[in-house]
Undergrad: 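Below you'll find the structure I mean.
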Amino acid sequence: MTIDTKRFHAALLEERERVENAIANLRDDHPGRMDEEVEEIGGTVDNHLAETATATLDRQIDYTLEENSTQVLLEIDAALGRIEDGSYGTCTHCGAEIAQGRLDAKPWASLCIDCKRDTERP
Ligand SMILES: [Zn+2]
């Protein structure tokens with residue numbers, strides 16, 4: 001195993017912070033830049049149906065984002081755990097090495113590409 005776990009450890013911590021910030025922003029009632037859009041929802045519902053629909057859609061996307069972010073957070077923590085116990089970089093399903101390029105793109109990947117494809121098959 002020639003994986004540079006130090007590098008991935010740093011990448012995971014960095015990504016973890018980024019995801020945590022993203023979740024914090026989503027949960028914040030006044031998330032700065034997105035403020036204006038949100039403020040309009042309550043007051044002018046009548047003649048802004050289209051805008052309201054868009055705002056609702058945005059909210060749903062936010063919920064999905066939060067769910068995904070929470071999931072990624074769990075996967076990042078699991079990956080950090082695998083660095084600790086020395087199993088980082090091997091597929092948790094079949095034990096094969098996970099391709100370095102895949103880890104570069106997604107440091108918290110726990111499955112090799114073949115197993116990942118299997119889980120996505122209907
Ligand atoms: Zn596998």
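The residues of the chain are indexed from 1 along the displayed sequence. As the structure lists them, so they are numbered: ligands from 1, and atoms in each ligand from 1.
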Undergrad: When hydrophobic residues are tied together by side-chain contacts of less than 4.5 Å, even through go-betweens, does Val72 share a cluster with Leu74?
TA: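 Per the 4.5 Å side-chain linkage, Val72 and Leu74 are not co-clustered.
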Undergrad: Taking side-chain hydrogen bond (donor to acceptor under 3.5 Å, both in side chains) as the test, write out the residues that go with Gln71, two or more places apart.
TA: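 side-chain hydrogen bond (donor to acceptor under 3.5 Å, both in side chains) list for Gln71, sorted by chain: Glu75.
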Undergrad: Specify the closest pair of heavy atoms between Cys91 and Leu111, including all atoms of both residues, with the distance to one decimal.
TA: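 Scanning both residues completely, I find the closest heavy atoms to be SG-CA, 3.8 Å.
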Undergrad: Quick one: salt bridge (charged side-chain N to carboxylate O under 4.0 Å, His left out) pairs with a partner in residues 76-94, sequence neighbours left out?
TA: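 Passing the test, one end in residues 76-94: Arg16-Asp77.
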Undergrad: Answer yes or no: is there an ion pair linking Arg18 with Glu15, defined by an N-O contact shorter than 4.0 Å?
TA: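 Yes, Arg18 and Glu15 are salt-bridged.
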Undergrad: For the Zn ion (ligand 1), check which protein N, O or S atoms are under 2.8 Å away and list them.
TA: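 Less than 2.8 Å away from the Zn ion (ligand 1) sit Cys91 SG, Cys94 SG, Cys112 SG, Cys115 SG.
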Undergrad: Which residues pass the side-chain hydrogen bond (donor to acceptor under 3.5 Å, both in side chains) test with Arg102, sequence neighbours left out?
TA: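 Once residues adjacent in sequence are excluded, Arg102 has no partner under the side-chain hydrogen bond (donor to acceptor under 3.5 Å, both in side chains) criterion.
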